[in-house]
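Predicted, not measured: the structure shown is a model, and the values here were computed from it. We use all heavy atoms of the structure for the numbers below, so side chains are in, but hydrogens, waters and symmetry mates are not. Order of the sequence lines fixes the chain letters, A, B, ..., with proteins taken first and strands second; residue numbering starts at 1 for each chain.
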Amino acid sequence: MELLSYVIRKLIGGIPLILGVTLISFVLMVYFGPDKTFELLSKNPTEAEIAQVRAQLGYDRPFLVRYAEYLKEMATLDFGFSDSTGERVSSILSRTIPVSLALLAPGFVLGNLLGIVLGLVAAWYRGGWVDKLIMGGAVVGMSISFLVVIVAFQALFGVVLGWFPVRGWNVHDLPSYAYYVTVPTLASVFVALGYNTRFFRAVLVEEINRDHVRTARAFGARPAEILFRNVLMNAMIPIVTRILFSIPLIVVSGSLLIESYFGIPGIGKVTFDAITSGDQPILKAVVGLTAVLFVLILIVTDILYRVVDPRVSLTGDAR
Amino acid sequence: MTRINQPHPVLRVDNLCVEFATTAGQIRAVDQLSFSVEAGQTLGIVGESGCGKSVTSLAIMGLLPKPAGRIVDGSVLLDGQELTRLPEGRLRQLRGAELSMIFQEPMTALNPVYSIARQMTAVLKRHQQLSARQARHRAIEMLARVGIPRPDQRIDDYPHQLSGGMRQRVMIAMALSCQPKLLIADEPTTALDVTTQAQVLRQMVDLQQELGTAVILITHDLGVIAETCDQAVVMYCGSKVEQAPVADLFLQPRHPYTAGLMQSIPRIREHKLDRLPVIEGQVPNLAALPPGCRFAGRCPNREDRCVQQQPPLTERGAQQFACFNPWNGPVES
Amino acid sequence: MIMGMLLLAACSEPPSDDNRDVYRHSEDEAPASLDPAQASTVYSNMVVVNVFDTLYRYKYLARPYELAPNLAAGFPDVSDDGLTYTFRIRSGVEFTDDPAFPDGTGREVTAHDLVYSIQRHFDPGVRSQGAWLWSGRIVGLDEWGQNGADYAAPIEGLKALDDHTLQIQLTAPYPQLVYTLAAGFSALVPKEAVEFYGREFSVKPVGSGPFKLTSFNSALATFDRNPKFDRGVLNLADEGYRDDLHGTYGLQALDGQAYPFVDGLEIHFIDENASRWNSFISGEVHNVMVPNEQIDRVLTSKDPIELNDDMAERFHKHSGIEAGFVYGGFNMADERFGHHPDPDQDAANRALRCAIRDAFDWQARNETFYFGLGNVFPGVIVPLVPEFDADLSRRSVQHNLQSANQALDEYGWRDQLPSMSYGMPSSVQQRQMFEQFRAQVQEIGFSTDQFSPESFATFGDFSRAIKNRELDLFFLGWSLDYPDAQNTLQLFYGPNETPGSNNFNYNNPAFDALYEQTLTLQPGQQRTALYRQMNQLVIDDCVVISGLSRTRVHLWDKQVRMLPDREILGGFFMRFVDIGNESETAAMSN
Amino acid sequence: MSDPGIILPAPEPAAARLRPERTSLWGRALDQFRRDHAAITGLAIVAVFFLMAVGVWFGWWGTQWSQALGGRWEGPSGGHWLGTNLLGQDIFQRAVYSTRTAFEIGLIVAILSTLLGGLLGALSGFYSSRWIDSVLLWLMGTLDSIPFYLFVAAVAVAMAGNPWAMHIAMVATFWTTTARLVRGEVIKLKNLEFVEAAHAIGLGQFRIIFRHLLPNTFHILLVQGTIVFVSAIKAEVILSFLGLGVQDGVSWGLMIAESTQEVLAGQYMNFIVASSFMFVLVMAFNLFSDGLQDALDPRRAPR
């Protein structure tokens, strides 16, 4: 009950954010967005046809009417049909989002897990050569462009070694999944690892210097026990925050590059195609749902805080 | 230096030297420190912050921060066992079981995300191979012994639900739960208010007497020394300047530094001391120690040789001090 | 658990049954819409003509391209005045089964469906991209659209006389009409499905073609053979088979057999050249059009096109010229360099355009971007159409800095050159092409700032800029809708000026008069001569920097018996594709 | 205190007497920075690149980046040190010219977003929990909730090929982090005595913000500036690949984008050169930025 009222309160609190996101993206992507008219017209259009298509696309209506319509679409979660293919936006989303999730999940999980493990190791040996090695590697990883990694991995694994497909997504069972997901996963882990390790190390070092860690050592706890119970568990709040808040960005931004490059029919590629072809219904849906996702994550994060830290209460303020 | 025919001490520290690697070079934080503690006895170590007393306790525990700090010389014998050469794994088995330590800040010394029960039973399970039920039972019993009301309920609390005094009691209960031979208490009451301070100290001493534990009490508060300790070691700039039975020390301090400390104690202790009484002058930098007596710069009895060479430890009765020109007068106030 | 569910949800297709013969085709782009009303691209056509039926199709092997009846039973009866066409339609052809039909069974295809399908183009709600094929040509059709597109209202020029007879009345002779009925635009759609699926008809097409679409996304379309499809047997001789040209492809074995031959079809849309190539090499798809950057690795000779031994060992090859071309154009409506009322200035402007055209180096463009495989030709009558003139002077496609500079000096352009904006969709290759062009015009005195790129994030925005006459210079490609030079010459017809297809806004009364004259002419010497006259006008006026037709080199797996060709023919060849099993293939090569 | 390794047993005043250490934040930071070899190396490399960029500005080198000087895909030679690309352009000249592009993007985006972030962050912090603050916080939350590439793409598309679209989009997204940090610092600072004193003697609010608060957040701004610089250069690569980046000229991102097709045709030079140039600069800047953070953030003091 407490939880429910909390969630409702938070949802209402998220409305300004959703309004903000929709307004800004509406202005940029819809009102000043690309003009699809001439892509839908024939090779030999007439003025009347142009006016007709513009009217069908709704370009001729005033700003406020169009924005209000967007909000109505948000409220009903019905974004109509794609301007390019005519496919229902909801069916595009339900077709592509699972692909993106399946594509990104292994890299996301591995990137964070490895980041935490390396962060723990570096924090434990802070100042030593192990730490310097890991952190040096992290800086190197951070300095390489995602695009360079993708190009290099594709060339290496797909062309030179030929172990994995160069592109595509023809997944129907576990082996084929592993076959297609490996190179994108490696690339995204490689790119995320540097940033993750640095962040986790910083958080963990701060925790490792706390008094209760010294207490645990003074009472004979083993390093693994200390790292897990004292360091990791206590650093959960920043860790959970980072991991959760990276989800919406990864689902859209991260998948965008990987999917365009590897030709995988996920939400990122659809979004990118929508940008470059001005498919506004899809853009409206993706941006709007991302904002909703953000609000949901805000709520989930708060609830998880409660789970990982007994000092946090949902009714009062944290810590 | 060593005395024969003494009762076998629980802990003997001999010629302990600890160095730290810093950006300014090697720093000797503890220099040629020796002392011993017997079972049931309480040894106080007193000195200004930064004088090396906390480093000493960490060195004994084997908890010097690595790789910056290390023991460069000397020995630490616990019950005849050399700790400085013990591998980490073996040392770990001793910590919490044979030798325990409690810290200054009760607010932060406990892990905030686990309940008291979980933290106490973890120690008991680790060292005494008790079952979960036995460990819990034992933990409640220990909490009761340090004077925590309704221990069977409070044990499931989280640290943030307890007051500072309560938390320090939990720490003491936890530290003594495996009946260690030695307990090191590093400023255990400094962070508490005056009334709680007295209660907690009392509780600790009572339990120590019951269990026959040897205690090293590290403090900057001479009042605490006077109330609880048998022997006291006064440290200055990493080395021992004076050691004596508490009664002797307060009666007749020999080292001018000790005397200075004594003089600045307010007679009537109405409020707790946040810091040591002020002595004129400045403490020298450990990275660039003067060749002579480290206190020379601030010493009213300074002579020329004090600046040039280090005074050796002199024994006079049960009292030891390192001074060429010891204090003989009464302690003024 | 969650991962497992994700995996299930992310599965694109159940694994194909090993016993099924599936032809896996690769294309370089995905179609946007599968609705015949919007089948404006090669990619849409590829799918549309396989899912739907058209009255006519192109013969499999005959070149130049020839029409053959498909759904129609023979060629139409044409009245003497060339205005009334009567078509007979096969009986017994049915749409595939689909929930859109009552009780899910496809009904018979009738002439009414064709009427409906062409009407749709004139329905303002449909967003037709093909209406222009018939616009102003069929009696009453345009008016029908303007008067509210009431499907119950009869149209005089477009009616089904009975279920199997269709009559079209033209406003003026239109020799290209039969061609338009082989275009994907004219494919027959069932009204039931259009109404049932509404907007989503464009991704859930239902037709009577040789295949039935089973799934579609931007990466892959899969098809099953339409079991109801029956057009008899493949007659190689009728399709234009010649032993000297097609003998090595193993097609003879298919002669006299009922098609389609394969059980299923997959079309993989793979944008990136390298990916498509690698998919082909690794056997993931059966065919590929050799991407430019592989040309040097694959070919030992470009003229004639010869594969290296390794490739020739593994793959069949066929090459041909694309049905289209790429060209650069000026916006003639701009008085700084286009048409000018003052004859002297008009001549000077013409000299400027000619100088830029002469500065442009087709050879370099061909070498750099098409690896020398492009076919550079003068004018706008492309090599693929019968009216092409191989003997036309190549003067207009020669890189000639001297004449360019001379002309600029002569007409006083030196140091007075106007600033020109060059529009392009934002892509790496477009930018490289621009950089190469800019380096060339710098040779005739343009500075970097005077020749500036204007890039557009979407092709739509680029088109809008052209249609709004905002760009001085642009490069575009054109693909033919039918093999007739009229299809490219109409790009210069004055009344077609923007937003029409005349992006140049070229307005030359002499040209327009000739164009109008040719409209009603049947193919023949006379018409060809007029076409060539028009072509010369365009060349002389330096309206266009043209042109280049790309050579397509197709490779395919020797296991597959076919001749792939996507020009004009679109996806029509797929019904004749067969997958031989290993032993058969081996036996044949012996 | 917490870790005995951090608080060394050397009292401050004594240290001050024996060794003339600087006590101000900047003085100590300088000392700390000087001892950080990695950071010094990074700074030196950045300086070399900067000189390279300056040279391009003044037209000393890298002038022939757009001319087709050679044939297609020539290997390294005396004439073309690192070979040529598809169009026969000299890869080395292009890489060098791109240094200028990188600095232009990095500096413009870093300076503008730091200024904007500093200003709005200070305003937000100074008027914390008033309406200005709420509006600014809402704006930051909103901008942070729009996926970055989507946002940049949208700005680029909306501005229709404007060469500054990319810069504007990056500034619009990068300022929020700086603003949040500055806001936190200002909230801390404004309760300090000197600010209250400034209030007491009746100084104007803007004067307080500009004279007393903002200058005290300069260390945050500096560090954030370096971080944004690196992010901007890296983002440019992706945006150029997506066709939304540099409009006229050449950049490492464009070179890499050009090379994506070449790589698969077995031509690696363009790819390797552009990514190496970029990697070295970004790496050096990262090291430099790390050193700055270690030096300026007491909590990040090494171990």
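Surrounding CG of C:Asp310 are more than 12 heavy atoms belonging to other residues, nucleotides or ligands, all under 6.0 Å away. More than 12 non-hydrogen atoms from other residues, nucleotides or ligands lie less than 6.0 angstrom from CH2 of D:Trp138. Around the CZ atom of D:Phe50, the shell of radius 6.0 Å holds no more than 12 heavy atoms that belong to other residues, nucleotides or ligands.
Below 4.5 Å, heavy atoms of chain C meet no heavy atom from residues 101-110 of chain D.
The closest side-chain donor-acceptor pair between C:Gln429 and D:Glu258, if any, does not fall under 3.5 angstrom.
Neither the backbone nor the side chain of D:Val250 comes within contact range of chain C; no heavy atom of the residue lies under 4.5 Å from a heavy atom of that chain. Residue contact with chain D, scored on non-hydrogen atoms closer than 4.5 Å, involves the side chain of C:Asp296 exclusively.
The candidate with the highest count of non-hydrogen atom pairs below 4.5 Å against chain D, out of C:Arg431, C:Glu367, C:Gln436, is C:Arg431.
From D:Arg72, atom CZ reaches atom CZ of C:Phe371 across 4.0 Å, with rounding to the nearest 0.5 Å.
Minimum interatomic distance between D:Leu86 and C:Thr368 (heavy atoms only, all atoms of both residues): CD1-O, 3.5 Å.
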